[in-house]
Colleague: 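Here it is, the structure, as structure tokens.
Sequence lines set the chain letters: A, B, ... in the order given, protein chains first and strands last, and positions in each chain run from 1.
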Amino acid sequence: MTGKTRSPVLQVKGLSVSYLRDHEATQAVDDISFSIDQGQLLALVGESGSGKTTVAQSVIGLLPGNGRIDSGEILLNGVDISRWNWRRLQTVRGRRIGLVPQDPAASLNPVRTIGANLGEVLRIHTRVRGSELRRQVVELLARVGIDDPERRARQYPHELSGGMRQRVLIASAIALRPDLIIADEPTSALDVTVQKVILDLLDDLRREYGTAILFVTHDLAIAAERSTEVVVLRDGRVQEHASTAEVLSNPRTEYARTLLRDAPALAGRAAPLPPAADLAAIALRADSLVQTFALGRKRDEFRAVDDVSFAVPAGTTHALVGESGSGKTTSARIVVGFRRPTSGRVEIDGIDLASLRGEALRQARRTVQLVYQNPYGSLDPRRSVEEIVTEPLRNFGLGDRRSRLAKAGDLIERVALPASVLGRRPHELSGGQRQRVAIARALVLEPRVVVFDEAVSALDVTVQAQVLRLLEDLQRDLGLTYLFVSHDLSVVRHIAHTVSVMRRGRVVEEGPTESVFGTPVHEYTRTLIDAIPRPSERVS
Amino acid sequence: MGYLLKRAGQGAIVLWAAFTVAFILLQALPGDAIMNRFLNPDLGLTSEQISQLRQSYGVGAPLWQQYFHSAWAFLTGDLGNSLEDGTPVRLLIEGALPSTAVLAAFGLLFAILLALAVAFLSALAPFAWLRNLLQSLPSLFIAVPVFWLGIMLIQILSFKLRLVSIINPGPVEGLVLPVATLAIPLSAPLAQVLVRSIDETLLSPFITVAAAKGASRVRLLVHEVARNAVLPAVTVAGLLFGELIGSAIVTETVYGRVGLGRITEAAVKAQDAPVVEAVVLISAIVFVVVNLIVDLLYPLLDARLRTRAAAI
């Protein structure tokens, strides 16, 4: 580094952006300023609708068609590029600014090979072609830690895992050693262990090449662990802008304090204590569950669930944690009765679901209900909330119109929603409100056991914290038993009394949450726990 | 390989169904060509003579015998004789097929080119009004009846502007108007599907990523969008081939061209069952083969279908 004062790589000054919807402009970003120096990582933190992605899109000139920069400057190495047209921006995109996108699954062209996807940036900006291009592509793939790069270059995106695809996208972003990398939620679609590897890779590249990184995330814990500076956004405005250490130790705004409190990985709450073993009867018991799937035309089989057993005392929460492909969701589907296991049994209050057929099975389903991950897809968009919540009652022919309506009103109150939502349709509600409706629907049949399949994963942290508190209240008041399926160890740690850690269909470790997290025995559990972002072990 | 066999097997079933349905429909029509021809009182034939004639044509036999007889004949390549004048159907078809095949092939080709031009130009159009104008073309194309379009094209291009002659045209010149008449309505659904799939593909995250690499708008369309967007259009193109035969009949009538269309028209009027059946079967064969080619194109265009195709 030379001694002369260097200008920041990126300076955003007084940026305001609005979207035109139905001939009406809505302000999405309002007077935002920040700057990033060489080799620094600035985290832009906010919940959905905060404007963080809009800022990132403005910097690289890729706002959606109805978006417009109203005022402000975006200086790249001191040159304002905010008013540049597409043709001029072509010269900086890919060459001076790299983009690492959110969803690696959809961010590579599916009909072109990995090599063609990655080589594109070289073909656009350089004259490198043919065997030299292939050599550089393989070199880049090797640089981001992809094994057997020659073969991978010839493969297609669908043949690679999510983590590998994200490496390819990072390779493409760093190919021409840009001054700035915009990473827009680069790990939110990945498993924790993969997330850690990708974040480490970005850190390495930042140190090696001195690249400045604009890191957009909803996850304050990641921001805290990796960034030097944090900008907290809410409703398009800067709430807090300071060095990471300062934001963590001394947040100035109420909103930043709420975020810190609600971020599961940061809040120092202890896991709930497991009940005394002799106190409660076992409400849910899974006994040696096995689920196999046939593979192709050969007689090979894939054991998605391999000898899984657990027992959940009434009124407590048991968690199944694991990464994608661990068999946790398949296990949950067996418990709910959507899928008959290849072998093994599920007992709810001592009744074996698999032994029931026809009407008896249908009636037994009332005792176990499911709350699904996606609050947008799991509610019928054409029905009102009242119809949605009372539908299970109508299916089972319970009560008359008036008593059903009264029950729906009760439950809507229980899940802390105003009675006015009963007449609304799902699209009029926020994500958190929808998930509350889904919970009310699950409770309307007065089940013994409720299965939550990643039920809070799609929610913003502050909303997530509210829903988790609601779940605890409901459990205490109604004596419910929960089976909580999640990839998020921090959330599990808060809500679950006991936990089973799953990997490749098997339970590798189980026990009371505090002891599994506090003194993990299995190697894999330790890896998972180490992968949780920890601001106290900052790498900077 | 198994994929190919499976598709070919499905094609064979389609052919069999087409043959059977055509057979049943023709039998269900009142009267037949022999009746029409010989029942004429001027010929002075007795009813015995007529029934003898019918016997010699094989029309008197029970239906199921006729069915298997003609099915076997078709399988062995014997298309029978025209009831109208006794010429072998094979000769009739052989005479007409090349002209119709050329017309259909060029019609489809130009329909595809026209659709691609409309769709990609509208995606590149720098102004909203130009994009709207281009995207409204397909609806206009589809609304125009083939016979009217043909007459208009003749009026304007041939009589007014004298660009192409329709009286004794050369082989190429003679194709211009019929191909245009055929291609314009055919391009409409193709263009609409393309416009939609281009719009959808442009919203994919990988397009944003490619744009962030510094790709120009043209490069985005050609390198990233085209192969993805063309997939649904390929399906539609295969299905449209069925419509092509129907349009060809009208087009050939309007322009007075010799071809399958003309033969079909005459055969239907005269209830000449063997000819109609042969035409139906040939159309079905072409349709099945074209769609087989479409099925084989998918895995070439999209690698994700390769593994799936192998698994089937």
Colleague: Under 4.5 Å from any heavy atom of chain B, what part of A:I60 do you find: side chain, backbone, both or neither?
Modeller: side chain
Colleague: Which one of A:Q57, A:R112, A:E120 has the most heavy-atom pairs closer than 4.5 Å to chain B?
Modeller: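 Between A:Q57, A:R112, A:E120, the count favours A:E120.
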Colleague: Of the backbone (N, CA, C, O) and the side chain (C-beta and beyond), which part of A:R87 lies under 4.5 Å from a heavy atom of chain B, both, or neither?
Modeller: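 Neither part, no heavy atoms under 4.5 Å.
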Colleague: Heavy-atom distances under 4.5 Å only: say whether A:I97 touches chain B with side chain, backbone, both or neither.
Modeller: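 Looking at A:I97, just its backbone touches chain B.
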Colleague: In chain order, what residues pass the salt bridge (Lys or Arg N to Asp or Glu O under 4.0 Å) check against A:R151, with sequence neighbours excluded?
Modeller: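 Once residues adjacent in sequence are excluded, the partners of A:R151 under the salt bridge (Lys or Arg N to Asp or Glu O under 4.0 Å) criterion are A:D148.
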Colleague: Mind ranking A:N109, A:V121, A:L89 by heavy-atom pairs under 4.5 Å with chain B and telling me who comes out on top?
Modeller: A:N109
Colleague: Output a table of donor-acceptor pairs, distance under 3.5 Å, between side-chain atoms of residues 123-135 of chain B and any protein atom two or more places apart or on a different chain; print 'none' if there are none.
Modeller:
residue	atom	partner	partner atom	Å
B:R131	NH1	B:A125	O	3.1
B:N132	ND2	B:A128	O	3.4
B:Q135	NE2	B:S122	OG	3.4

Colleague: Step through the shown structure and confirm whether more than 12 heavy atoms of other residues, nucleotides or ligands are within 6.0 Å of CH2 on B:W148.
Modeller: no
Colleague: Give, as side chain, backbone, both or neither, the part of A:T113 having an atom under 4.5 angstrom from any heavy atom of chain B.
Modeller: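 No part of it gets close to chain B.
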Colleague: If you count heavy-atom pairs under 4.5 Å with chain B, which of A:P101, A:P64, A:G94 comes out on top?
Modeller: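 Of A:P101, A:P64, A:G94, A:G94 has the most heavy-atom pairs under 4.5 Å with chain B.
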Colleague: Do any of residues 217-231 of chain B have a heavy atom less than 4.5 Å from a heavy atom of chain A, and if so, which, in residue order?
Modeller: B:R217, B:R219, B:L220, B:H223, B:E224, B:R227, B:N228
Colleague: If you draw a 6.0 Å radius around CZ in A:R83, do more than 12 non-hydrogen atoms from other residues or ligands fall strictly inside?
Modeller: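 For A:R83, atom CZ is crowded (more than 12 foreign heavy atoms under 6.0 Å).
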Colleague: Is A:P110 in contact with chain B via its backbone, its side chain, both, or neither, using a 4.5 Å heavy-atom distance?
Modeller: both
Colleague: Take atom CZ in A:R123; do more than 12 heavy atoms of anything else shown fall under 6.0 Å from it?
Modeller: yes
Colleague: Evaluate whether atom CZ of B:F106 has more than 12 neighbouring non-hydrogen atoms of other residues, nucleotides or ligands under 6.0 angstrom away.
Modeller: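 Check fails, neighbour count at 12 or below.
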Colleague: Just checking heavy atoms, which of residues 199-216 of chain B are less than 4.5 Å from chain A?
Modeller: B:P205, B:F206, B:T208, B:V209, B:A211, B:A212, B:K213, B:G214, B:A215, B:S216
